[in-house]
Amino acid sequence: MPIIILMNRAPLPDDAQSRTIAEILSKSLSGGQLARIKGSESRAMLVLLDHLSLYERQLLEKSPHRVIDLEDDPLKTIVELQEENALLRSMALIDNLTGLYNNRFFRLQLETEMARTRRTGLPCCLLMIDLDNFKMINDTLGHLEGDRFLIQVARTFSQCVRAIDIVCRYGGDEFVAILPSTRIFVAIRIANRFKKAVSEIPGASGYNVSASIGISEFTVSSPWDVNDFIQAADSAMYDAKSKGRNQVSTRGRYISINQGLESVNPEERKAIFSVYEKVQNQGDSDGE
Amino acid sequence: MENKGPVIASISSGKGGVGKTFVSVNIAACLAQQGKKVLVVDCDLGLANVDVMIGVNPRFTLKEVVFGDMDVNDVAIQTRYGFDFVPASSGAAEMVQLMYEDIEKIKETLGKLAQQYDLVILDTGAGISESVLQFNLFANKNVIVLNRELTSLTDAYATIKVIYQTFGRDSFNIIVNTTRSEEEAKKIFNHIGSICNRFLGFPLHYLGHIVYDEVVPRSIMKQEVLVHSHNQSPPAIHCSAIAEKMVNWQ
């Protein structure tokens with residue numbers, strides 16, 4: 001288990017502290033650098049605060065000793081850090097069984113993606129995937145086989161998505177996929193790919209295991225918060241179930257004429273009204 | 001430049017009763033007269049009216065494509081005006097609020113059928129529903145029909161704005177319908193165009209105008225297609241001028 005040392009600035013090459021960090025090995029956390037501390041078997045993570053994502057920062061803020069000042073002796077704080085690492089592990093982003101991101105990460109990432117939609121104007125889609133008849137595997141083959149099947153599913157889903165998509169285990173036999181910058185029509189195609197992939201997992205057809213998938217689309221004009229967004233995908237997923245399982249169903253925005261008209265702001269309205277007036281008067285006087 | 005695929009033109013207006021269907025049918029008839037292979041699709045899925053306008057009583061509609069397993073190919077019928085026609089159903093509640101995947105199904109099957117034509121005209125419904133937006137996205141040319149009424153001007157602008165904001169489309173072709181004169185049509189177009197320029201940042205394209213004439217409501221009532229029944233009337237001449245321009249889109 002790596003030890004995390006956080007620094008506010010990069011150590012200078014001749015810095016006394018940096019000499020204790022012998023070799024930068026690889027990246028782990030975004031912008032984090034894996035380093036070996038001289039004279040110690042422990043491997044330490046050197047993380048520059050500037051390089052952390054908002055989420056990672058929030059995560060680390062919960063840790064009491066997260067920042068080791070350059071003045072501190074890192075070797076002295078290793079014990080403290082090990083405690084911290086245990087905490088970090090308990091806050092981990094990864095689902096233990098499948099290796100996918102977990103529910104906690106999913107919610108925070110979804111919030112990030114919704115903020116991105118608001119900023120860029122590009123819609124974001126959410127897939128809520130529930131395995132149909134998965135219980136059959138658990139009940140007849142045992143939970144160990146059930147777990148193995150879930151791992152297969154996780155692997156399959158990861159292969160179905162694009163580099164920008166994020167697949168998470170929502171819990172039990174439920175999975176979610178965040179599809180950033182994606183319109184619902186593309187999401188439907190990806191969902192169908194998931195559905196097909198599940199049916200091709202060895203053993204799936206024997207136990208009638210399939211996937212019911214609900215999709216919701218979040219756009220700039222959606223009044224949703226995170227819970228609404230998830231709720232929409234969830235209820236679409238229940239639609240898919242009630243339509244006979246092994247289906248893809250959607251929820252999204254329906255623009256009524258009134259909503260469309262609301263997009264015309266008062267200034268635009270005024271401009272249009274003046275056109276109307278001009279044309280109307282002109283026409284009437286011409287006619288007379 | 002031969003294999004560019006068909007021109008797919010959506011005809012929208014935001015407000016109902018502005019003359020979308022009249023425009024669609026008459027332009028299609030003109031294009032057919034010029035020897036083009038034309039398909040008209042009634043995209044007003046819940047409240048179809050192209051069939052009424054041309055006096056046909058279709059047996060199968062897009063409803064059978066969505067809920068039955070019919071291919072749009074089998075639903076398309078030939079009309080006596082030289083163009084083919086894909087009808088929609090009228091009063092089918094389940095067609096009013098289609099799910100995305102249903103619209104996707106229509107688009108997919110329509111996309112294949114479209115390849116057999118030079119021009120495809122999508123007569124979309126009133127309002128700015130998801131299906132109206134989707135058919136506008138499906139089209140490669142977006143036509144907006146408006147008239148001088150305040151509600152029509154506002155709805156047309158709202159339609160343009162929503163399509164622009166949703167899909168980034170910024171090229172719209174304007175037809176000014178039931179105008180009192182060409183001069184008035186140009187004036188309306190110029191004003192609305194400058195509002196678009198000012199608030200949305202792009203200009204509009206003038207596709208044409210159709211002057212008001214008593215023969216129009218009369219021909220509609222008789223379920224006649226004006227460019228056939230009164231081909232020398234001013235509105236018919238205006239329709240064929242618009243069709244002429246659309247031929248150049250190919």
Side-chain angles (χ1 to χ4, degrees), chain A residues 120-123 125 183-189 191-192 195 213-217 219-222 236 239-240 243 247-288, chain B residues 14-16 96-105 107-108 125-134 137-138 146-168 176 179-181 183-185 187-196 198-200:
Chain A
T120 62
L122 296 167
C125 281
R183 281 199 54 79
I184 197 145
F185 288 86
V186 179
I188 291 172
R189 262 173 235 138
N192 281 322
K195 206 173 62 143
I213 305 176
I215 308 174
S216 55
E217 182 189 40
T219 65
V220 204
S221 52
S222 306
D239 276 357
K243 275 201 276 180
Q247 305 267 340
V248 175
S249 225
T250 60
R251 275 299 146 78
R253 125 209 86 96
Y254 285 107
I255 298 180
S256 70
I257 178 73
N258 288 335
Q259 275 171 290
L261 285 177
E262 274 163 26
S263 74
V264 182
N265 64 41
E267 216 183 325
E268 291 166 327
R269 253 169 220 285
K270 223 173 102 186
I272 294 166
F273 187 73
S274 83
V275 174
Y276 166 72
E277 274 188 326
K278 275 179 208 153
V279 175
Q280 215 60 25
N281 295 338
Q282 179 87 32
D284 290 347
S285 57
D286 280 358
E288 278 158 17
Chain B
K15 186 183 179 296
V96 176
Q97 244 195 14
L98 283 183
M99 288 293 171
Y100 290 99
E101 52 271 32
D102 300 328
I103 305 170
E104 182 80 332
K105 200 169 167 186
K107 280 163 66 180
E108 211 179 288
I128 318 175
S129 65
E130 187 60 36
S131 51
V132 170
L133 288 179
Q134 286 307 323
L137 177 67
F138 182 63
L146 51 82
N147 64 27
R148 67 170 166 277
E149 285 168 41
L150 180 59
T151 44
S152 164
L153 295 171
T154 311
D155 290 6
Y157 178 78
T159 305
I160 290 168
K161 186 173 176 181
V162 171
I163 294 170
Y164 167 65
Q165 286 178 336
T166 317
F167 306 121
V176 184
T179 179
R180 287 179 279 212
S181 64
E183 194 200 347
E184 183 193 69
K187 184 172 278 172
I188 293 170
F189 169 78
N190 286 335
H191 285 309
I192 286 292
S194 72
I195 291 175
C196 270
R198 187 169 130 211
F199 292 102
L200 306 178

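Keep in mind that this is a model prediction, so the values were computed, not measured. Values below: every heavy atom of this structure, side chains too, minus hydrogens, waters and symmetry copies. Each chain gets a letter, A, B and so on, in the order its sequence line appears, and its residues count up from 1.
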* To do: Count the heavy atoms belonging to other residues, nucleotides or ligands that lie under 6.0 Å from CZ of B:Phe138, then report whether that count exceeds 12.
  =>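 Yes, the 6.0 Å shell around CZ holds more than 12 heavy atoms from other groups.
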* To do: Look at A:Glu268 together with B:Arg198 and state whether they make a salt bridge at an N to O cut-off of under 4.0 Å.
  =>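 No, A:Glu268 and B:Arg198 are not salt-bridged.
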* What heavy-atom pair brings A:Val279 and B:Arg180 nearest, and what distance separates the two atoms? ->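 Closest pair (atom of A:Val279, atom of B:Arg180, distance): O-NH2, 3.8 Å.
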* Asked: When rounded to the nearest 0.5 angstrom, what distance separates CD1 in A:Ile272 from OG1 in B:Thr151?
  ->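 One finds 11.0 Å between CD1 of A:Ile272 and OG1 of B:Thr151.
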* Looking at CD of B:Gln134 and CD1 of A:Ile184, how far apart are the two atoms once the value is rounded to the nearest 0.5 Å? ->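 B:Gln134 CD to A:Ile184 CD1: 9.5 Å, rounded to 0.5 Å.
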* Is chain A contacted by the side chain of B:Ile195, its backbone, both, or neither, given a heavy-atom distance below 4.5 Å? ->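 The side chain, not the backbone.
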* To do: Between chain A and each of B:Leu153, B:Ile192, B:Val132, count heavy-atom pairs under 4.5 Å; write down the option with the most.
  =>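 Greatest number of close heavy-atom pairs with chain A: B:Leu153.
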* Considering residues at least two apart in sequence or located in another chain, which fulfil the ring-ring contact (aromatic ring centres under 6.0 Å, His included) criterion with A:Tyr276? ->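 Only A:Phe273 meet the ring-ring contact (aromatic ring centres under 6.0 Å, His included) criterion with A:Tyr276.
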* Partner set under side chain to side chain contact (heavy atoms under 4.5 Å, CB included) for A:Ala191, not counting sequence neighbours ->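 So A:Ala191 forms a side chain to side chain contact (heavy atoms under 4.5 Å, CB included) with A:Leu127, A:Ile213, A:Ile215, A:Val248.
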* Asked: Is there side-chain contact between A:Lys278 and B:Lys187, with heavy atoms separated by less than 4.5 Å?
  ->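 Not touching, per the 4.5 Å side-chain cut-off.
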